[in-house]
Amino acid sequence: MAGQSRIDPWASQQSTDYTRIRDNFGLSEVEISKIPNPNQLHRRGIIFAHRDLDVILGCIERGDKFGVLTGLMPSGRMHLGHSMVIDQVKWFQNQGGDITVTVADLESLATRGTSLEEGRKIALSEYIHNYAALGLDPDKTNVYFQSMRPEVQRLGFTLGKKTNLSEFEAIYGFSGSTNLAHVQAPLVQAGDIIHPQLDEYGGLRPIVVPVGVDQDPHIRLTRGLASKTNWFNLKPRKSGGITIGLSIQDDNKPEMGVNLTGGIDRKIREDLFTKLQLSLSNLGFADVLTNPKHGTLEIPGAVKNDIARIRLSLLALERNLGGMGLMPPCSTYHRFAVGMTGDKMSSSKPETTIFMHDSIEDMSKKVKRAHSGGQATVEEHRRLGGDLSKDVAYQYLQFFFEESDSELSSIARDYESGRLLAGEIKQICIDKASEWLTDLSEKREQWTDRIDEFIAPDSK
Ligand code: TRP
């Protein structure tokens, strides 16, 4: 490594692990070149995977509406790891998304035994206060509490009809002794994720859920539940283009033109196809092949990029006909920050992370003790250079504290070439982190009496 300078210092992250996570979970890789105005966040690879991010990128490109929903567990103290999700949220906010923040007070009650009252206190003083200081815009942000929004719980209940215990066993490993509150929590979370699409909460639009990858099981569940409610299915057509098929369900038979004996009501079916055709021609697809009897419609000219727009117009039609018209959520996943000690970051081990309320003194102690990528002796270090991939101070600069790309690259170069010693990079980290924490606490100060501005009317 000696003398080798790296233009792209973050390439040294353990990318293989993330490749494995992506493969195991069936996630897509973020294509940086497709991201408009890629800011530092993306070039540093904080977001390493996604589901259907293209749908949101399409909205950004066309200036169409989209929403962002994320959630927090109001238990324990907020630390740097938690702020990564806010970095993602802010990026979407800057691209025009409206923001909904779930306070998972019911989940916290179910899984951590936090009372609703305690959960509320922690959410406001630890999380929302810091979110404000980190730069969420109150005019674009709505914070609500699970326990105070009946529509979310109702939706969770309704979506529950589309799943069963076996699926929960498979996804979450639940068994006979699983506490039922744990079974309910994922359904409430599905309600959280879907509900911004309801007319009262902004209406039909794509919703992206930025989370840590540990939340992917919930995303997968929710996407499946939403799809199962859909009245129209979209599939790629073998010979190119897209096929739309009717999904006939117990509660939509009359609208789908299926009569009581299970036969087709031709008049209703043909009316339905006229409406479908009209929706599609409004999007510019005049050339469609219909087969009302089989309940299929083909659009030979449609390409992959058209799918989201077509889906949205079908969902709008479904809503007009009396269906729920729910779009499966999109998601993005950030990397896990390494703990100060080199292993996992955890709230229960304060030495592994920096808390938003840490004093400069506490922070400095932690950084000084942090796992280093330096060599055993100064001589060796000068000769071999430091190892960025193992150096926690460097990674904290990269993910949290150093905003300037050129500054970061130059630190990386100096460290890898051995010019910069382990103690020196730690000092840089301490200086930058001090600035960061001081700035955060000043901004927090400014918001102390104004947190209410973030809270939705139903959750005040
Ligand atoms: N389950 C999440 C956690 O453990 C909290 C949460 C609840 C959430 N509802 C959500 C996260 C909706 C994202 C979206 O932290």
Side-chain angles (χ1 to χ4, degrees), residues 47 49-52 56 66-89 92 97-114 116 119-120 122-123 126-128 130-131 136 141-149 151-157 159-160 168 171-172 174 179 181-198 201 206-223 225-226 326-334 336-337 344-348 456 459:
I47 296 177
H50 71 92
R51 291 187 188 273
D52 281 355
I56 302 296
F66 70 97
V68 183
L69 178 121
T70 195
L72 64 97
M73 279 275 262
S75 67
R77 292 184 284 162
M78 179 168 173
H79 58 63
L80 277 181
H82 296 128
S83 76
M84 298 184 98
V85 92
I86 301 308
D87 286 338
Q88 293 192 64
V89 172
F92 286 115
D98 63 89
I99 318 291
T100 309
V101 179
T102 302
V103 177
D105 60 346
L106 290 177
E107 183 181 347
S108 212
L109 175 72
T111 62
R112 313 263 163 106
T114 314
L116 295 180
R120 182 177 184 95
I122 296 175
E126 272 292 326
Y127 290 83
I128 307 306
N130 279 305
Y131 287 11
L136 289 200
T141 308
N142 262 295
V143 177
Y144 76 94
F145 291 77
Q146 283 177 330
S147 66
M148 297 177 82
R149 197 163 271 189
E151 293 84 349
V152 162
Q153 295 166 44
R154 201 181 304 144
L155 199 49
F157 205 99
L159 293 172
F168 270 44
I171 298 181
Y172 300 106
F174 289 166
N179 188 297
H182 286 218
V183 181
Q184 293 187 58
L187 286 173
V188 176
Q189 182 155 349
D192 291 329
I193 293 173
I194 293 293
H195 92 282
Q197 299 181 43
L198 300 180
Y201 295 100
I207 302 293
V208 61
V209 188
V211 277
V213 74
D214 59 306
Q215 296 296 305
D216 187 57
H218 302 304
I219 304 284
R220 216 157 30 97
L221 173 75
T222 307
R223 283 168 62 88
L225 295 176
L326 304 176
M327 181 130 189
C330 316
S331 53
T332 51
Y333 306 94
H334 61 76
F336 290 115
K344 230 182 128 234
M345 197 185 253
S346 154
S347 322
S348 56
S459 293

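Quick note: numbers below take in every heavy atom, side chains included, and nothing from hydrogens, waters or symmetry partners. For reference, positions follow the sequence shown, starting with 1. In each ligand, atom 1 is the first atom listed, and ligand 1 is the first ligand listed.
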Thr102 and Tyr144 side chains, donor-acceptor separation under 3.5 Å: yes
Carboxylate-amine/guanidinium proximity below 4.0 Å for Asp192 and Arg149: no
Per-residue contact class, Val188 against ligand 1 - non-hydrogen pairs under 4.0 Å: neither
Closest protein heavy atom (residue, atom, distance) for atom 5 (C) of ligand 1: Glu107 OE1, 3.5 Å
Donor-acceptor pair, side chain of Glu126 and main chain of Gly76, under 3.5 angstrom: no
Pair Gln146-Gln189, side-chain donor/acceptor within less than 3.5 Å: no
From the candidates Gln215, Gln146, Met73, the one that places a heavy atom nearest atom 2 (C) of ligand 1: Gln215
Residue part near ligand 1, for Val211, under 4.0 Å between non-hydrogen atoms: side chain
Phe336: ring pair (Phe, Tyr, Trp, His ring centres under 6.0 Å) partners, not counting sequence neighbours: none
Heavy-atom nearest neighbour in the protein, as seen from atom 9 (N) of ligand 1, with distance rounded to 0.1 Å: Asp192 OD2, 2.8 Å
Backbone or side-chain N or O of Thr102 under 3.5 Å from ligand 1 N or O: no
Protein contact of atom 8 (C) of ligand 1 - nearest heavy atom, named by residue and atom, plus distance: Gln189 NE2, 3.4 Å
Closest protein heavy atom (residue, atom, distance) for atom 14 (C) of ligand 1: Leu69 CD2, 3.6 Å
Aromatic centroids of Tyr172 and His218 separated by under 6.0 Å: yes
Residue and atom name of the nearest protein heavy atom (relative to atom 13 (C) of ligand 1), distance in Å to one decimal: Gly71 N, 3.4 Å
Distance-only polar pair, side chains of Thr100 and Asn142, donor-acceptor under 3.5 Å: no
